[in-house]
Engineer: 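Quick one: structure below, then a few questions.
We name chains A, B, ... by the order of the sequence lines, and we start the count at 1 in each one. This structure is a prediction, so every number in the text was calculated from the model and none was measured.
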Amino acid sequence: MNVFALFAARVADALKGLYPSITEEALSRIVVEPPRDAAHGDLSTNAAMVVAKPLGKNPRDVASALADLFKADADVTSVEVAGPGFINFRLATPVWHEVLKSIAAQGGDFGRSNVGMGERVNVEYVSANPTGPMHVGHTRGAVFGDALASLMAYSGYDVTREYYINDAGSQIDTLARSTMLRYREALGETIEIPPGFYPGDYLVPVGEALKAEFGSSLLEKPEAEALSLVKDRVLAAMMDLIRSDLAKLNIHHDVFFSERQLHGQGGDIDLTLEWLRAEDMIYQGRLEPPKGKTPEDWEDREQTLFRATNYGDDVDRPLVKSNGAYTYFAADIAYHRNKYLRGFNHMVNVLGADHSGYVSRLKAAVKAVSHGEADIDVRICQLVRLMKNGEPFKMSKRSGDLVLLSDVVDEVGSDATRFMLLYRRNDAAMDFDFAVVKEQTRDNPVFYVQYAHARTYSVFRKVAEEMPGLDTSASALAAADISLLSSEADLELIKALAQWPRIVASAASAHEPHRVAFYLYELASAFHGFWAKGNQDVALRFVNADDSMLTTARLALVGAVRQVLVNGLTLLGVSAPEELS
RNA sequence: GACCCCGUAGCUCAGCAGGAUAGAGCGCAGGAUUCCUAAUCCUGAGGCCAUGAGUUCGAAUCUCAUCGGGGUCACCA
């Protein structure tokens, strides 16, 4: 049950009754939310102000007319018009108790919604080049994309999680050659890795596997044939490596889409270019060199250009390189056309900061290939600076000695890594301090939230100890007399729980998983705060050995807090331990 | 030269399809344990929301300019 959505609907209905001429557009702008200052009430709406202008009326008049309609509502104890035309509601206690009941009844589905209306959305994330293990730079986008996909699925979208394997470029040839060296090494040769090759020792086992499979026979084959065999093997090995890195963070994709399958005679790129040409979205022309600094090897030539400027980009984009091969962007247009033809009218791409210049081009491509039917949201994850005790952590460039994703996860754990990365807006650069992330204090929001969850268990353990006869089964809690939860502290906590559905829905539609992380922190804080009140006031304790009715009701409340914490942590992919050790 | 992101408390950051007195943590000063894991809680000090203009009933939030910080800039992927 989402009280905010419920009242938004009631307010809209009331307005339609008052002003039949009102437009849906105006109604859609109505927001019902908790007022910034809780002293103003439980709910606040801007409805009168939003609607007044198109109606040509005074907002305060609309507000008071609207408020009058709610005066008789049994769910509402007070309605006030405030400021320029806000309407503030205070809700009757039974409404909050209903919320509590609905949490127990809905369990893991409390917060689930259908704002996505079953629409298919393709969320593409990670898409790291398969040339080695994942390093920290990839981690943020991986976690962000994964959480966003979960959030959208929970909010009623039909989500496909996709990984685009860039396995077609020249870097893959270099990878194959690098692997070839490791193969020779496995055969006993002393090798030297030339600059520009991949030096990482993660290729050593691939070389050995090649030896096991082929013996020395690859050396006797023509180079092209050998390299082609090596390429297949190493790509598979690298993708295994990447998948296992991702698995450490509990990240899994539904579709791994290979760029290679787009290439080739009569492939998707060919077909796409043909199609673009038929649609007059391509022409032969010249580009101006970029102003300011002209690249040294600038070559003024006539080339095949996509009319990106017709779709909001700054400049038309080349599709064919001077050596005749397709550009990366040509493949990407084909790829996004492929997504569209697979039935995705909504796409989300999660990219690193170094791709920010790519965004308008990608949007242009999607707009073009779908004739404006599909939309794409590109979420850029800004850089993460690794810190150790407040000092930037130097990454050595020597021999692939970058900080690996698996190093970070091994060092601080998946939960802390995920939560910290999500506890920040994606479009702001962030520092990631190992020392802080490992620390188990309030400084570290992960433990703060997990501790709140663990505390819900310790309450139940305490009850089992102090009131051994008390029935704490789910059915007993469902039957609890929650009308006993009438103190201000109880209601405050329930109101915090009631926020959850609107937080999820807004986070999903804004594509901002960090809102979930911040909410969980607030809920944990509300729960910890309630706990401490029991120190002053015995009536507010969770466990009252001489009042089993009240204790049972409180346990129902604690159970609801636990449920919401679990629901949120699950969306973020963070575990909810019963005990912290 | 152009484009993208950021600039909010000493520090790290929320708040931004405009709304009522701008929030949290850390740090600082003081306090709280006969329910529970103090891994917690409470109180206080601390702000020209980078600067300047504009839009309007109303701007941290939208627009433009300026200044700072980061990222990117034909044919790499």
Side-chain angles (χ1 to χ4, degrees), chain A residues 28-29 31 35-37 39-40 44 46 49-50 53 59 82-86 88 127 129 131 166 168-172 259 286-295 297-301 303 305 314-323 325 327-329 331-332 352-360 380 382-383 385 390 423-431 433 436 439-445 447-448 450-452 454-459 461-463 465-466 510 514-515 517-518 521-522 525 527-536 538 540-545 551 579-581:
Chain A
S28 73
R29 294 175 55 215
V31 176
R36 195 176 291 172
D37 184 345
H40 290 131
S44 173
N46 62 353
M49 291 179 289
V50 160
K53 194 164 237 175
F86 289 99
N88 296 323
S127 299
N129 288 346
T131 55
N166 298 142
S170 57
Q171 86 283 3
I172 299 301
E259 182 188 349
R286 287 172 189 280
L287 280 182
E288 296 283 313
K291 298 211 164 54
K293 90 172 192 223
T294 304
D297 56 347
W298 177 266
E299 181 191 340
D300 187 20
R301 65 184 181 93
Q303 45 190 340
L305 297 168
D314 305 324
V315 57
D316 291 336
R317 302 291 178 176
L319 300 176
V320 181
K321 299 188 219 171
S322 50
N323 68 6
T327 61
Y328 179 80
F329 182 53
D332 229 8
D354 53 342
H355 286 71
S356 59
Y358 201 68
V359 176
S360 49
I380 295 289
Q382 291 294 330
L383 298 178
R385 268 201 313 171
Y423 193 67
R424 198 118 309 180
R425 249 169 55 229
N426 62 289
D427 51 6
M430 71 179 289
D431 293 344
D433 194 319
V436 173
E439 213 174 295
Q440 301 198 355
T441 66
R442 179 154 196 174
D443 227 354
N444 185 340
F447 288 100
Y448 187 75
Q450 287 186 325
Y451 178 43
R455 266 190 154 173
T456 67
Y457 277 87
S458 81
V459 173
R461 284 193 293 269
K462 182 74 184 168
V463 168
E465 198 180 295
E466 297 222 336
H514 76 274
R515 297 190 193 190
F518 277 93
Y521 188 89
E522 274 169 34
S525 174
F527 183 59
H528 288 312
F530 189 106
W531 195 301
K533 286 187 181 123
N535 289 332
Q536 265 78 53
V538 179
L540 291 178
R541 293 184 179 181
F542 292 115
V543 184
N544 274 281
T551 300
E579 227 169 333
L580 297 186
S581 49

Engineer: For A:Arg29, check salt bridge (Lys or Arg N to Asp or Glu O under 4.0 Å) against everything at least two apart and list the hits.
Structural biologist: none
Engineer: Looking at the side chain of A:Arg424, which of B:U12, B:C35, B:C36 is the nearest nucleotide?
Structural biologist: B:U12
Engineer: Who are the salt bridge (Lys or Arg N to Asp or Glu O under 4.0 Å) partners of A:Asp37, not counting sequence neighbours?
Structural biologist: none
Engineer: For a quick check of understanding: with a heavy-atom distance under 4.0 Å over all strands, which category does A:Tyr328 fall into, base, sugar-phosphate or nothing?
Structural biologist: base
Engineer: Tell me every residue that passes side-chain hydrogen bond (donor to acceptor under 3.5 Å, both in side chains) with A:Ser356, counting only those two or more places apart in sequence or in another chain.
Structural biologist: none
Engineer: Suppose we screen for side-chain contact (heavy atoms from CB on, under 4.5 Å). Which residues come up paired with A:Tyr423, at least two apart in sequence or across chains?
Structural biologist: A:Phe419, A:Pro445, A:Ala517, A:Phe518, A:Tyr521
Engineer: Want to settle it: does A:Glu466 or A:Ser360 sit nearer the 5' end of RNA chain B, counting the closest nucleotide to each?
Structural biologist: A:Ser360
Engineer: Using a heavy-atom cut-off of under 4.0 Å over every strand shown, decide if A:Asp297 touches base, sugar-phosphate, or nothing.
Structural biologist: base
Engineer: Where are the stems of RNA chain B, defined as at least 3 consecutive Watson-Crick or wobble G-U pairs with both distances under 3.5 Å?
Structural biologist: B:1-7 with B:67-73, B:10-13 with B:23-26, B:28-32 with B:40-44, B:50-54 with B:62-66
Engineer: Mind calculating the distance between CG (A:Asp433) and P (B:C13) to the nearest angstrom?
Structural biologist: 11 Å
Engineer: Over how many whole Å does the gap from A:Asp314 atom CG to B:U72 atom C1' extend?
Structural biologist: 12 Å
Engineer: Just to verify, what does A:Ala168 make a side-chain contact (heavy atoms from CB on, under 4.5 Å) with, not counting sequence neighbours?
Structural biologist: A:Glu259, A:Arg260, A:His263
Engineer: Counting the atoms with a prime plus P, OP1 and OP2 as sugar-phosphate, which does A:Tyr358 contact under 4.0 Å by heavy atoms, base, sugar-phosphate, or nothing?
Structural biologist: base
Engineer: Holding to salt bridge (Lys or Arg N to Asp or Glu O under 4.0 Å), I want the full list of residues that pass it with A:Arg515, two or more places apart in sequence or in another chain.
Structural biologist: A:Glu512
Engineer: Report the C-alpha distance between A:Gln171 and A:Asn166 in whole Å, list the side-chain angles of each, state the deciding distance to 0.1 Å, and finish with yes or no for side-chain contact (heavy atoms from CB on, under 4.5 Å).
Structural biologist: CA-CA 9 Å; A:Gln171 86 283 3; A:Asn166 298 142; 4.2 Å; yes
Engineer: Taking any heavy-atom pair under 4.0 Å as a contact, classify A:Ile172: base, sugar-phosphate, or nothing.
Structural biologist: nothing
Engineer: Once rounded to the nearest 0.5 Å, what's the spacing between atom CD1 of A:Ile380 and atom CG of A:Asp354?
Structural biologist: 8.0 Å
Engineer: With no angle test and no hydrogens, is the base of B:C41 tied to the side chain of A:Trp531 by a donor-acceptor pair under 3.5 Å?
Structural biologist: no
Engineer: Under 3.5 Å, which protein N or O atoms sit close to an N or O of nucleotides 4-6 of chain B? Give each pair with its distance.
Structural biologist:
unit_1 : atom_1 : unit_2   : atom_2 : d
B:C5   : O2'    : A:Asp427 : O      : 2.4
B:C6   : OP1    : A:Arg425 : NH2    : 3.3

Engineer: By salt bridge (Lys or Arg N to Asp or Glu O under 4.0 Å), which residues pair with A:Arg286, not counting sequence neighbours?
Structural biologist: A:Asp300
Engineer: Does A:Ser44 have any side-chain contact (heavy atoms from CB on, under 4.5 Å) partners at least two apart in sequence or in another chain, and if so, which?
Structural biologist: A:Pro35, A:Phe86, A:Asn88
Engineer: Is there a donor N/O on one and an acceptor N/O on the other, under 3.5 Å, for the side chain of A:Ser44 and the base of B:A20?
Structural biologist: yes
Engineer: Given that A:Asn129 and A:Asn46 both sit by RNA chain B, which one's nearest nucleotide is further toward the 5' end?
Structural biologist: A:Asn46
Engineer: Using the C1' atom as the reference point in each nucleotide, state the distance between B:U63 and B:A24 in Å, no decimals.
Structural biologist: 31 Å
Engineer: Kindly write out the residues that satisfy side-chain contact (heavy atoms from CB on, under 4.5 Å) with A:Phe542, not counting sequence neighbours, or none if the list is empty.
Structural biologist: A:Val459, A:Phe527, A:Phe530, A:Trp531, A:Arg554, A:Val558
Engineer: Has A:His40 got its ring stacked on the base of B:A20, with centres under 5.5 Å and planes less than 30° apart?
Structural biologist: yes
Engineer: Answer with base, sugar-phosphate or nothing: what part of the nucleic acid does A:Asn88 contact at a heavy-atom distance below 4.0 Å?
Structural biologist: base
Engineer: Would you tabulate the nitrogen or oxygen pairs shorter than 3.5 Å linking the protein to nucleotides 60-62 of chain B?
Structural biologist:
unit_1 : atom_1 : unit_2  : atom_2 : d
B:A60  : N6     : A:Arg36 : NH2    : 3.3

